[in-house]
Trainee: 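I have a structure here, written as structure tokens, and I will follow up with some questions on it.
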Amino acid sequence: MTRELTEITVVGGDKTGLIARVTSLLFERGINIEDLDQAVREGVFRMTTRVDASDLETSRGELRRALAELGRELDVDIQVRFPSDRDARRVALLVTKETHAPEALLKAEANGELADDGEAEIPVVIGNRGDLRTLAERYDKPFYDVGDGNGNTDEGRLLDLLAEYDVDLIVLARYMRILSPEVVFRYEGRIINVHPSLLPAFPGAEAYRQAKDAGVRIAGVTAHYVTTDLDQGPIIAQRAFDIPAGASVGDIKRRGQPLEADVLLDAVRLHLADAIAIHRGTVHVREDVDVDAQLGLSTAAVDANPEEPVDGEPLSRPEPARTGDD
């Protein structure tokens, strides 16, 4: 049986001896470190530690206080997430101008379909522009514009709001701004984005235009976890569509947008059901969790794949890439 590990994240300036101070505190309290990963991006240090706290020699509250005190001394932010904390499934939507993706999630929540058990919630919508305030208000959600008028984000204000609303998952619902390591490191493995291409092809801006300029016949969309490397995070699910001859960028966009909403909602539902896990940079589906979600091609598309032998070897019919019942 897989043990539920406690996650401790340290984010701040890179300092000599920081790792030793944190690990020593954990050792002194009977906590066994199972995994430790660290990185530095743009001068921001991040250490993620997964520990077995089953033999914890103090209370959870005291551990949080001790780590917070150490964080203040070292001028870093230290967060602790016990396994029981993961039951708090509160989703923040980050938006800019486009409505199709955020409205799909808001509608799903209103219909009790955001999570498999219907119990997840979207407590807040945050924009780097004010364009979607009306959409948020239509679904009775508080809306905050943390932009500067030009789309640049006040990330300090953003982090304050995420903490105030006790957010467990951040969803970039066509949020047109790159998050800095200050945000990503604090919510690593808990930020989902939808990108309008079949990653790793056409990352970055203007993906549909890139697809047209490259002359591809099949394009698509990708839901993935966000990392500090732009559009290179672990892929959760994808959808594909064909591009007719002579299609404009607008035509391609109109074909892709409904699939963006679909694939993002599926990715969020999989995450909320704890049906997927990141291991060595890729997403794996847990065999013991049943969530109706399409990961890749539809059943019809899979059935259209060829069955003829190649180089003398018969082709096995692949199963549709999905979880749950068809």
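What you see below is based on every heavy atom in this structure, not just the backbone, and it leaves out hydrogens, waters and symmetry mates.
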Trainee: Check this for me, if you would: do Asp168 and Arg190 make a salt bridge, where the nitrogen-to-carboxylate-oxygen distance has to be below 4.0 angstrom?
Mentor: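 So Asp168 pairs with Arg190 through a salt bridge.
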Trainee: Does a side-chain heavy-atom distance below 4.5 Å link Leu265 with Val263?
Mentor: no
Trainee: Do Ile31 and Asp52 have side chains that approach each other closer than 4.5 Å (heavy atoms only, starting at C-beta)?
Mentor: no
Trainee: Considering only heavy atoms from C-beta outward, does the side chain of Ile170 approach that of Leu162 to under 4.5 Å?
Mentor: yes
Trainee: Donor-acceptor check, side chain of Glu155 to backbone of Ser180, threshold 3.5 angstrom: yes or no?
Mentor: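 Answer holds: yes.
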Trainee: Looking only at non-hydrogen atoms, find the nearest pair between Thr23 and Leu36 and report the distance.
Mentor: CG2-CD1, 3.9 Å
Trainee: Between Asp117 (side chain only) and Glu119 (backbone N and O only), is there a donor and an acceptor less than 3.5 Å apart?
Mentor: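 The answer is yes, because a donor-acceptor pair under 3.5 Å joins these two groups.
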Trainee: Taking side chain as C-beta onward, heavy atoms only, is Leu158 less than 4.5 Å from Leu179?
Mentor: yes
Trainee: For a 4.5 angstrom cut-off between non-hydrogen side-chain atoms, does Val95 reach Phe143?
Mentor: yes
Trainee: Taking only residues two or more places apart in sequence or in another chain, which ones pass side chain to side chain donor-acceptor pair (under 3.5 Å) with Thr49?
Mentor: none
Trainee: Are Tyr139 and Glu103 close enough that a side-chain donor and a side-chain acceptor fall under 3.5 Å?
Mentor: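 Their side chains do contain a donor-acceptor pair, which is all the 3.5 Å distance test asks for.
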Trainee: Sequence neighbours excluded, which residues qualify as ring-ring contact (aromatic ring centres under 6.0 Å, His included) partners of His271?
Mentor: Tyr225
Trainee: For Thr228, what residues pass the side chain to side chain contact (heavy atoms under 4.5 Å, CB included) criterion, not counting sequence neighbours?
Mentor: Arg41, Pro181, Val184, Phe185
Trainee: Shortest non-hydrogen contact from Phe45 to Leu18?
Mentor: CE2-CD2, 3.8 Å
Trainee: How would you list, by chain and number, every residue that makes a side chain to side chain contact (heavy atoms under 4.5 Å, CB included) with Ala120, sequence neighbours excluded?
Mentor: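 Arg89, Leu114, Ala115, Leu272.
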Trainee: Keeping Arg177 on the side-chain end and Gly151 on the backbone end, is there a donor-acceptor pair under 3.5 Å?
Mentor: yes
Trainee: Does the distance from a Lys or Arg side-chain N to an Asp or Glu carboxylate O, for Glu62 and Arg29, drop under 4.0 Å?
Mentor: yes
Trainee: What pairs meet the salt bridge (charged side-chain N to carboxylate O under 4.0 Å, His left out) rule with one or both residues in residues 213-239, with sequence neighbours excluded?
Mentor: Arg239-Asp266
Trainee: Pair Tyr208, Ser248 - check side chain to side chain donor-acceptor pair (under 3.5 Å), show working.
Mentor: CA-CA 9 Å; Tyr208 289 136; Ser248 66; over 6 Å; no
Trainee: Under the side chain to side chain contact (heavy atoms under 4.5 Å, CB included) rule, collect the residues that match up with Asp148, sequence neighbours excluded.
Mentor: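 With neighbours one apart ignored, the set is Asn150, Asn152.
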Trainee: Any sub-3.5 Å donor-acceptor pair from Ser197's side-chain atoms to Phe202's backbone N or O?
Mentor: yes
Trainee: If we ignore hydrogens and angles and just use 3.5 Å, is the side chain of Lys212 paired with the main-chain N or O of Ala247 as donor and acceptor?
Mentor: yes
Trainee: Is any NZ, NE, NH1 or NH2 atom of the basic residue among Asp292 and Arg269 found under 4.0 Å from an Asp or Glu carboxylate oxygen of the other?
Mentor: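 Looking at Asp292 and Arg269, the cut-off is not met.
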Trainee: Please report the closest heavy-atom contact between Gln210 and Ala205, naming both atoms and the distance.
Mentor: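 For Gln210 and Ala205, the tightest heavy-atom pair comes out as NE2-O, 2.7 Å.
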Trainee: If we check side chain to side chain contact (heavy atoms under 4.5 Å, CB included) with Leu264, which of these qualifies: Leu259, Ile192, Thr222, Leu172?
Mentor: Ile192
Trainee: Grab the two heavy atoms, one from His224 and one from Leu199, that are nearest each other, plus how far apart they are.
Mentor: CD2-CD1, 3.7 Å
Trainee: Report the C-alpha distance between Leu63 and Thr6 in whole Å, list the side-chain angles of each, state the deciding distance to 0.1 Å, and finish with yes or no for side chain to side chain contact (heavy atoms under 4.5 Å, CB included).
Mentor: CA-CA 12 Å; Leu63 177 63; Thr6 295; 5.7 Å; no
Trainee: Do you know which two heavy atoms are closest between Pro196 and Glu260, and how far apart they sit?
Mentor: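 Residues Pro196 and Glu260, closest heavy atoms: CB-OE2, 3.7 Å.
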Trainee: Residues in salt bridge (Lys or Arg N to Asp or Glu O under 4.0 Å) with Asp35, at least two apart?
Mentor: Arg50
Trainee: Side chains of Thr227 and Pro234: does their closest heavy-atom pair fall under 4.5 Å?
Mentor: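 In contact.
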Trainee: May I have the step-by-step check of side chain to side chain contact (heavy atoms under 4.5 Å, CB included) for Ile252 and Phe241, ending in yes or no?
Mentor: CA-CA 9 Å; Ile252 298 171; Phe241 62 92; 3.9 Å; yes
Trainee: So, using salt bridge (Lys or Arg N to Asp or Glu O under 4.0 Å) as the criterion, who are the partners of Asp274 when residues are at least two apart?
Mentor: Arg286
Trainee: Do Thr96 side-chain atoms and Met176 backbone N/O form a donor-acceptor pair below 3.5 Å?
Mentor: yes
Trainee: With a 4.5 Å limit on heavy-atom distance, are the side chains of Glu182 and Arg186 in contact?
Mentor: yes
Trainee: Going by heavy atoms in the side chains, are Val51 and Asn32 under 4.5 Å from each other?
Mentor: no
Trainee: For Asp131, does its backbone N or O pair with a side-chain atom of Thr134 as donor and acceptor, under 3.5 Å?
Mentor: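 Absent.
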Trainee: Does Leu106 share a hydrophobic cluster with Val91, counting links as ILVMFWY side-chain heavy atoms below 4.5 Å and allowing steps through other members?
Mentor: yes
Trainee: Go through the structure and list residues passing side chain to side chain donor-acceptor pair (under 3.5 Å) with Asp37, not counting sequence neighbours.
Mentor: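 For Asp37, the residues satisfying side chain to side chain donor-acceptor pair (under 3.5 Å) (neighbours in sequence not counted) are Arg46.
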Trainee: With sequence neighbours excluded, what pairs up with Pro123 under the side chain to side chain contact (heavy atoms under 4.5 Å, CB included) test?
Mentor: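 Here the qualifying residues are Arg90, Glu121, Tyr165.
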Trainee: Indicate the atoms forming the closest heavy-atom contact of Gly189 with Ile278, along with that distance.
Mentor: CA-CD1, 4.1 Å
Trainee: Identify all side-chain donor-acceptor contacts of residues 68-76 below 3.5 Å with residues at least two apart in sequence or on another chain.
Mentor:
from, atom 1, to, atom 2, distance (Å)
Glu73, OE1, Arg21, NH2, 3.3
Glu73, OE2, Arg21, NH1, 3.3
Glu73, OE2, Arg21, NH2, 2.9

Trainee: Give a yes or no on whether the backbone of Lys97 and the side-chain of Arg129 come within a donor-acceptor separation of less than 3.5 Å.
Mentor: no
Trainee: Any salt bridge (charged side-chain N to carboxylate O under 4.0 Å, His left out) involving residues 243-253? Give me the pairs, sequence neighbours left out, ordered by first then second residue.
Mentor: Glu98-Lys253, Asp251-Arg254
